[in-house]
Student: 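Input: one structure, supplied below.
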Amino acid sequence: MSDRIFGLVGLCVAAIFAWRATLIQESFLSDAVGPKAFPLIIAVVLALSSLYFVVRPDPDPRWPPVGRLAEIGMAVAVLCVYAVALPELGFVIATALAATYLTWRLGTAPLWSVVVGVLTSGGIYTVFHLILGLSLARGPLGF
Amino acid sequence: MDTLSALGDGFFIALTWQNLLLAVLGCFLGTVMGALPGLGPSNGVAILIPLAFTLGLGATPALILLTSVYYGAMYGGRISSILLNIPGDEPAMMTCLDGYPMAQQGRAGEALALSGVASFFGAFFATWGLVLLAPQLVKVALLFGPAEYFALFTLAFATLGGVSSTNQAKSAFAAALGLGLAMVGVDTQTGVPRFTFGEVHLYDGIDFLVAIVGLFALSEVFIFLEHRSTDADAAPPKVKIGRITPSLGLIRSCLPTMIRSTGLGFLAGVLPGAGASLGSFISYSVEKRLVDKAGTFGTGDPRGVAAPEAGNNAAAGGALVPMLALGVPGSGTTAVLLAVLLSLNITPGPLLFTQNPDVVWGLIAALFIANVMLLAMNIPMVGLFTRVLLVPPRILMPVVAMVSFVGIYGISGSSFDLLVMIGFGVLGWVLRKLDVPLVPVILGTLLGNAMESNLRRAITIDNGNWGTLIDSPLSIALWTIAAIGFVLPIVVGKAMKRRMRMDAEGALRD
C-alpha cells in the first residue's frame with residue numbers, strides 16, 4: 001500500500017515536473033536540443049518507475065506508530081525553528097537549546113540534557129570557532 | 001616509469017607538515033566514524049566536506065583530509081563488528097561472521113590486530129593497483145566524445161544499484177529524482193532559469209552539499225529518533241580484548257587468503273556498481289569455498305576475519321579508479337568524494353591527470369601515507385577506539401546534527417539553505433523507509449548538469465541528429481553494458497540478496 005501511494009505521489013511529481021519543463025522559456029540563442037528536452041526525459045523515467053510501484057508494490061515497510069511520527073515531526077519543527085533563529089540568537093545559545101531538545105528526546109534525563117546541550121554547544125564553539133577560526137552565527141551577545 | 005616519477009612528485013607534495021597533520025586527523029576521525037554504528041564512510045565524509053571547504057583548505061590538503069577519513073572509516077568499520085557483532089558500516093557486515101566468535105573466545109585483540117593487518121594489506125596493494133590502472137584507463141577515456149560520456153553516465157546509473165539490488169525501479173526513480181534536482185537553477189547553456197518558481201535563492205541551483213548532508217547525516221538522526229526506545233538501553237557487553245599483537249605465524253597462515261581477497265576486492269571495486277560491500281562478500285564466500293575444509297568458517301576462523309577485511313579495503317581503493325580516471329564514481333562514498341572535487345572546482349576525468357597532476361598524485365601519495373598511519377594507529381591504539389563505542393547515540397546524534405548545521409551554515413551563511421537541508425533530511429528518511437536507495441539521488445544531483453551538457457553537445461555537433469548517441473562502436477558497447485547491468489539484478493538480485501542475508505543471519509544465531 002505504501003508503495004502504491006508513493007507511486008501516485010511520484011506520478012504527480014513527474015507530471016508537475018514535465019509541466020514546469022514545458023513552461024521553460026526558450027532563449028532565441030538556443031542549441032539544437034534546448035533546455036527542455038533533458039528534463040522531459042527525466043520526467044518520463046520518473047513516471048515509468050512510479051507506475052511500476054503502483055502496479056507491482058513491494059511489501060509495506062514497518063511504519064512507526066503515530067506517537068513516534070509526532071516525535072520526528074517535532075524534531076523537524078525544532079530544527080526549522082533553530083535554522084531561522086540561528087542568526088537572531090547567536091550560535092551558542094541556539095545550538096545549546098536545540099542540542100538539549102534532541103538529546104532529551106533521544107532519552108537523556110531532563111537535567112542531564114541541559115548539561116549535554118550546553119557542553120555540545122560549547123564544545124563545537126571551542127573547536128570550530130576558537131581553534132579552527134570558522135565564522136559561526138553571531139548573535140546580539142557577540143557569540 | 002613516468003608513473004613512478006609522478007608518484008615521487010606526489011610524495012613531495014603530500015609530505016608537508018600541514019598535510020601530514022591533516023592525514024593524522026582524517027585517519028583518526030575516519031576510524032571513529034567507521035567504528036560508530038550508524039555513521040558509515042559516506043556519512044563521515046559528507047559531514048566533513050563543508051567543514052574542509054569553509055576552513056579554506058586548498059584542493060590537495062582538503063582531499064588528503066577527506067580521503068584519509070574514507071580509508072579510516074573502512075578500517076574502523078571492523079571494530080564494532082568484532083566487539084559488538086554490530087557492523088559499523090555495511091561492508092563490515094561479513095566481518096561479524098568470524099570476528100565476533102573470535103571475540104567471544106577471548107581472542108578479540110587478536111582478531112582486531114589481524115583485521116588491521118588485513119585491512120592494510122588490502123588497501124596498500126589496491127592503492128598500487130590504482131597507481132598502475134588509472135593512467136591506462138585515462139588513455140581509453142581520451143577516446144570518449146560527448147556521446148560516449150552520455151552513455152557512460154547512463155551506465156553508472158544503471159549499474160549503481162549493484163548486483164544485490166532487489167528493485168531496479170526504485171534505483172531508476174532515485175536516479176531520476178537526483179537528475180531532476182540538478183536541473184533546478186539557471187541553464188548553463190542558454191541562461192534561462194528552470195524550475196526556480198521565481199525564488200532567487202534557487203537561481204544558483206540546489207547546492208549538492210546541502211543535499212548530501214541532509215540526505216545522509218540528518219536522516220540518520222531521524223532514524224535514531226524513530227527507534228529510540230526499542231534499543232536505547234542495550235548496554236554493550238563487556239568483551240575482553242586479550243593480546244593485541246598477532247603472532248607472525250597467524251599472519252603467515254592468513255597470507256594466501258589476504259592475497260586472493262585483495263585481488264577479488266580490487267576487481268569488485270573497479271567494476272561499476274559493485275563497491276565495498278560486494279567486495280567483502282565475494283572475498284568471504286570464495287575463501288569459504290576454497291579453504292574451509294574443516295568447516296571452521298563462522299566459528300571464529302582467523303581467515304574468515306582476514307578475507308572480508310582485505311576485500312573491502314581493496315574495493316575501497318579500487319572504487320577510486322573509475323572516480324579519478326573517468327569522473328564516474330561506482331559507489332556511495334566515492335560519489336561523496338566526487339562532490340568534494342566538484343566543490344573545489346576540479347573536474348575529475350581524464351583531463352585531471354594532465355591538468356592537475358599535483359592533485360592526483362598528491363592524493364595517491366596521501367593514500368599510501370594514510371595507510372601506514374592507519375596501521376600504526378589501529379594496532380596499539382585500538383583500545384582507545386573501543387572506548388569511543390561506549391558513547392551512547394543519545395549524546396552522539398545531536399552532536400552529528402549540530403555539526404552538520406555548522407558546516408552548511410559556514411558555506412552560505414543563510415537560513416534558507418539550512419531549511420532546504422532539513423527538507424532533504426525528511427526526504428531521506430521517507431526514502432529509506434520505502435527502501436529507495438539514496439546514492440543514485442546524490443549521484444544524480446552531482447552529475448546531472450554534466451550529463452545534460454554532454455547530451456546537448458553530442459547532438460549539437462551532429463546537427464540535431466539524436467542517432468549520434470549510438471553511432472560509434474564504443475558507445476554501443478557502453479549502452480549494452482548499461483542494459484545488461486540494469487537487467488541482471490532483476491534476474492539474479494533476489495537470490496544474491498538472500499544469500500548475503502542468510503550468511504549473516506546464520507552467524508547471528510550462533
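In what follows, chains carry the letters A, B, and so on, assigned in the order in which the sequence lines appear, proteins first and then strands, with residues in each chain numbered from 1.
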Student: Can you name the closest pair of heavy atoms from B:Ala169 and A:Ser49 and give their distance?
Tutor: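 In this case the closest contact between B:Ala169 and A:Ser49 is O-CB, 3.4 Å.
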Student: Provide the closest heavy-atom pair for A:Glu71 versus B:Leu225 in the form atom of the first, atom of the second, distance.
Tutor: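 Scanning both residues completely, I find the closest heavy atoms to be CG-CD2, 4.1 Å.
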Student: Of all of A:Ala75, A:Ser121, A:Gly34, A:Pro65, which one pairs up most often with chain B through heavy atoms under 4.5 Å apart?
Tutor: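 That would be A:Gly34.
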Student: B:Arg456 versus A:Phe38: any side-chain heavy-atom pair under 4.5 Å?
Tutor: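 No, every pair of side-chain atoms sits at 4.5 Å or beyond.
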Student: With a 4.5 angstrom heavy-atom cut-off, which part of A:Leu86 approaches chain B: side chain, backbone, both or neither?
Tutor: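 Only the side chain of A:Leu86 comes within 4.5 Å of chain B.
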Student: Give the member of B:Val192, B:Val436, B:Val426 that has the highest number of heavy-atom pairs under 4.5 Å with chain A.
Tutor: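 Of B:Val192, B:Val436, B:Val426, B:Val192 has the most heavy-atom pairs under 4.5 Å with chain A.
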Student: Contact part of B:Tyr409 toward chain A, heavy-atom cut-off under 4.5 Å: side chain, backbone, both or neither?
Tutor: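 Just its side chain gets close to chain A.
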Student: Quick one: which of A:Gly10, A:Pro35, A:Pro39 has the most heavy-atom pairs under 4.5 Å with chain B, could you say?
Tutor: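 So the answer, after comparing A:Gly10, A:Pro35, A:Pro39, is A:Pro35.
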Student: Are there residues of residues 398-406 of chain B whose heavy atoms fall under 4.5 Å of chain A's heavy atoms? If so, which?
Tutor: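 Only B:Pro398, B:Val399, B:Ala401, B:Met402, B:Val403, B:Phe405, B:Val406 of residues 398-406 of chain B have a heavy atom under 4.5 Å from chain A.
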Student: In Å and rounded to the nearest 0.5 Å, what is the NZ to CZ distance from B:Lys433 to A:Phe6?
Tutor: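 So the gap between those two atoms works out to 14.0 Å.
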Student: Relative to chain B, which segment of A:Ile42 carries a heavy atom at a distance below 4.5 Å: side chain, backbone, both, or neither?
Tutor: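 It is both, since atoms from each part get that close.
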Student: Side chain, backbone, both or neither: which part of A:Ile41 has an atom under 4.5 Å from a heavy atom of chain B?
Tutor: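 Side chain only.
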Student: Side-chain contact, heavy-atom cut-off 4.5 Å: A:Leu79 with B:Phe222?
Tutor: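 A:Leu79 vs B:Phe222: side chains touch.
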Student: Report which part of B:Ile223 has an atom under 4.5 Å of a heavy atom belonging to chain A: side chain, backbone, both, or neither.
Tutor: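 Answer is neither: B:Ile223 stays 4.5 Å or more from chain A.
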Student: Need one label for A:Tyr101: side chain, backbone, both or neither, based on atoms under 4.5 Å from any heavy atom in chain B.
Tutor: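 Answer is neither: A:Tyr101 stays 4.5 Å or more from chain B.
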Student: Do A:Leu102 and B:Met397 have side chains that get closer than 4.5 Å, going by heavy atoms?
Tutor: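 Not touching, per the 4.5 Å side-chain cut-off.
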Student: If you draw a 6.0 Å radius around CD1 in B:Ile470, do more than 12 non-hydrogen atoms from other residues or ligands fall strictly inside?
Tutor: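 Count not over threshold, so no.
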Student: Heavy atoms only: give me the nearest B:Ser415-A:Ala83 pair and the separation to one decimal.
Tutor: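 Smallest heavy-atom distance, with atoms named: OG-O, 2.7 Å.
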Student: Would you mind checking which part of A:Ala14 comes under 4.5 Å of any heavy atom in chain B, side chain (CB onward), backbone (N, CA, C, O), both or neither?
Tutor: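 A:Ala14 has no heavy atom closer than 4.5 Å to chain B.
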Student: Which one wins on heavy-atom pair count under 4.5 Å against chain B: A:Tyr52, A:Tyr82, A:Trp104?
Tutor: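 Max contact count across the listed options: A:Tyr82.
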Student: Specify whether A:Phe17 and B:Phe195 have parallel, tilted or perpendicular ring planes, treating 30° as the upper limit for parallel and 60° as the lower limit for perpendicular.
Tutor: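 Rings of A:Phe17 and B:Phe195: parallel, under 30°.
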Student: Hey, which of B:Val430, B:Leu434, B:Asp435 is the one that makes side-chain contact (heavy atoms from CB on, under 4.5 Å) with A:Ser2?
Tutor: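 For A:Ser2, the side-chain contact (heavy atoms from CB on, under 4.5 Å) test succeeds with only one of B:Val430, B:Leu434, B:Asp435, which is B:Leu434.
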Student: Of all of A:Val44, A:Leu48, A:Leu69, A:Ile24, which one pairs up most often with chain B through heavy atoms under 4.5 Å apart?
Tutor: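 If we count pairs closer than 4.5 Å to chain B, A:Ile24 comes out on top.
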Student: Sort by residue number and list every member of residues 107-120 of chain A having a non-hydrogen atom under 4.5 Å from chain B.
Tutor: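 A:Gly107, A:Thr108, A:Val116, A:Thr120 fall under the 4.5 Å cut-off.
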Student: As an exercise, state the distance from CD of B:Glu226 to CD1 of A:Ile72, rounded to the nearest 0.5 Å.
Tutor: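 Rounded to the nearest 0.5 Å, the CD-CD1 separation comes out at 5.0 Å.
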Student: Give, as side chain, backbone, both or neither, the part of B:Ile395 having an atom under 4.5 angstrom from any heavy atom of chain A.
Tutor: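 Both parts, backbone and side chain.
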Student: Check for a donor-acceptor pair, side chain of B:Arg394 on one end and backbone N or O of A:Leu106 on the other, with a separation under 3.5 Å.
Tutor: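 Absent.
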Student: Which one of A:Ala37, A:Ser50, A:Ala21, A:Ala43 has the most heavy-atom pairs closer than 4.5 Å to chain B?
Tutor: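 The candidate making the most pairs under 4.5 Å is A:Ala21.
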